[in-house]
Amino acid sequence: MQTHASCLPSPRGISRRTVLHTAAVATAGLAGILATKTPPAYAAMHTLTMLTWNHFVPASDEHLRRWAKEFEQANKCRVKIDFIPHRDTYVKVAKEQETRTGHDIVLLFFSKTHLHHLDLETLEFMDALGHQLGGWYDLARDAGQVEGRWVALPWYYVAMPIT
């Protein structure tokens, strides 16, 4: 049986054929990236999406947009915020939950964290964040935890009975 020289392993354990095949695949991949102007998934810029209400104080929305820009710069990503009327958020969140599609971050009102908790991610960082900031009020725990699991980050609270 005759062995072709290109199939023999090199002294380093890699055959010439393997090197040529790898180079050809890499060249074809690079050509595809350049032709389509589409970076590979690991190199693509990620987008974080957020759904929130149009705040009744417009300056609040502007502050949120500014924080998003700061987050983009610090984390080399994009942030897309969708502002919708507060009454539309209930239907939008329910639809996203049902279809398993939608925004990464959603503003939930009142006890909606309890309604949607099975489909919300566990926020593992919350206890450490609370410790760093001096602890959580019981009210924040009641709003953000369901069955001992943090599923929401309290943003602010308005005491409706007092209002």
Side-chain angles (χ1 to χ4, degrees), residues 22 25-163:
T22 303
V25 169
T27 302
L30 182 59
I33 290 169
L34 293 174
T36 64
K37 297 180 182 171
T38 304
Y42 67 85
M45 182 173 283
H46 297 283
T47 300
L48 178 70
T49 59
M50 180 177 185
L51 176 67
T52 188
W53 64 332
N54 292 1
H55 200 281
F56 60 90
V57 178
S60 178
D61 291 347
E62 290 307 314
H63 281 291
L64 186 56
R65 284 186 185 100
R66 190 178 71 240
W67 293 335
K69 291 292 177 201
E70 291 172 10
F71 186 87
E72 286 177 340
Q73 292 171 354
N75 295 283
K76 295 178 179 50
C77 68
R78 290 186 318 181
V79 177
K80 181 179 181 293
I81 304 173
D82 293 321
F83 294 93
I84 63 174
H86 79 280
R87 290 189 175 130
D88 294 346
T89 59
Y90 302 108
V91 174
K92 181 76 171 163
V93 169
K95 181 179 178 183
E96 290 184 2
Q97 180 182 16
E98 184 66 28
T99 60
R100 302 272 192 249
T101 61
H103 295 81
D104 300 308
I105 300 172
V106 178
L107 177 66
L108 297 173
F109 299 97
F110 308 116
S111 62
K112 298 305 182 216
T113 53
H114 294 267
L115 179 64
H116 300 288
H117 74 95
L118 294 175
D119 293 304
L120 297 174
E121 296 291 328
T122 299
L123 304 178
E124 301 288 345
F125 61 87
M126 289 297 291
D127 286 325
L129 181 62
H131 181 72
Q132 178 185 348
L133 298 175
W136 294 109
Y137 289 111
D138 290 339
L139 186 60
R141 286 190 184 282
D142 292 343
Q145 281 188 342
V146 179
E147 298 171 0
R149 182 174 73 95
W150 282 103
V151 294
L153 173 85
W155 185 1
Y156 65 89
Y157 183 78
V158 176
M160 291 300 186
I162 295 172
T163 302

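Of all non-hydrogen atoms in Ala143 and Thr113, the two that sit nearest each other are O-OG1, 2.9 Å. Shortest non-hydrogen contact noted between Val106 and Glu96 is CG2-OE1, 4.3 Å.
Classification of the His63-Trp67 ring pair by plane angle, with boundaries at 30° and 60°, yields tilted.
Summarising the geometry, atom CG belonging to Leu51 is positioned 11.0 Å from atom CG belonging to Asp104; distances are rounded to the nearest 0.5 Å. Distance OH/Tyr90 to NZ/Lys112: 5.5 Å, rounded to 0.5 Å. Separation of atoms NE2 (His114) and CD (Glu147) is listed at 9.5 Å; rounding is to 0.5 Å.
Enclosure of atom CZ in Arg66 by more than 12 non-hydrogen atoms of other residues, nucleotides or ligands within 6.0 angstrom is indicated. In this structure, Phe125 places its CZ atom where more than 12 heavy-atom neighbours from other residues, nucleotides or ligands lie under 6.0 Å away.
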Report the C-alpha distance between Trp136 and Met126 in whole Å, list the side-chain angles of each, state the deciding distance to 0.1 Å, and finish with yes or no for side chain to side chain contact (heavy atoms under 4.5 Å, CB included). CA-CA 9 Å; Trp136 294 109; Met126 289 297 291; 3.3 Å; yes

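When atom types are taken as modelled, the side chain of His103 and the backbone of Ile105 share no donor-acceptor pair closer than 3.5 angstrom. Here the side chain of Asp61 pairs no donor or acceptor atom with the backbone of Asn54 at under 3.5 angstrom.
Counting heavy atoms from C-beta on, the side chains of Leu153 and Leu129 come closer than 4.5 Å. Leu108 is listed as a side-chain neighbour of Leu120, based on a closest heavy-atom distance under 4.5 Å. Side chains of Thr49 and Asp82 form no contact here, defined as non-hydrogen atoms less than 4.5 Å apart.
Among pairs with a residue in residues 117-131, those fulfilling side-chain hydrogen bond (donor to acceptor under 3.5 Å, both in side chains) read Gln97-Asp119, Arg100-Asp119, Thr122-Arg149, Asp127-Trp150, at least two apart in sequence or across chains.
Scored by the salt bridge (Lys or Arg N to Asp or Glu O under 4.0 Å) test, Arg78 finds no partners at all (sequence neighbours excluded).
The side chain to side chain contact (heavy atoms under 4.5 Å, CB included) test with Leu107 is passed by exactly one of Val93, Leu64, Thr52: Thr52.
Under a 4.0 Å N-O distance rule, the pair Lys95/Glu98 does not qualify as a salt bridge.
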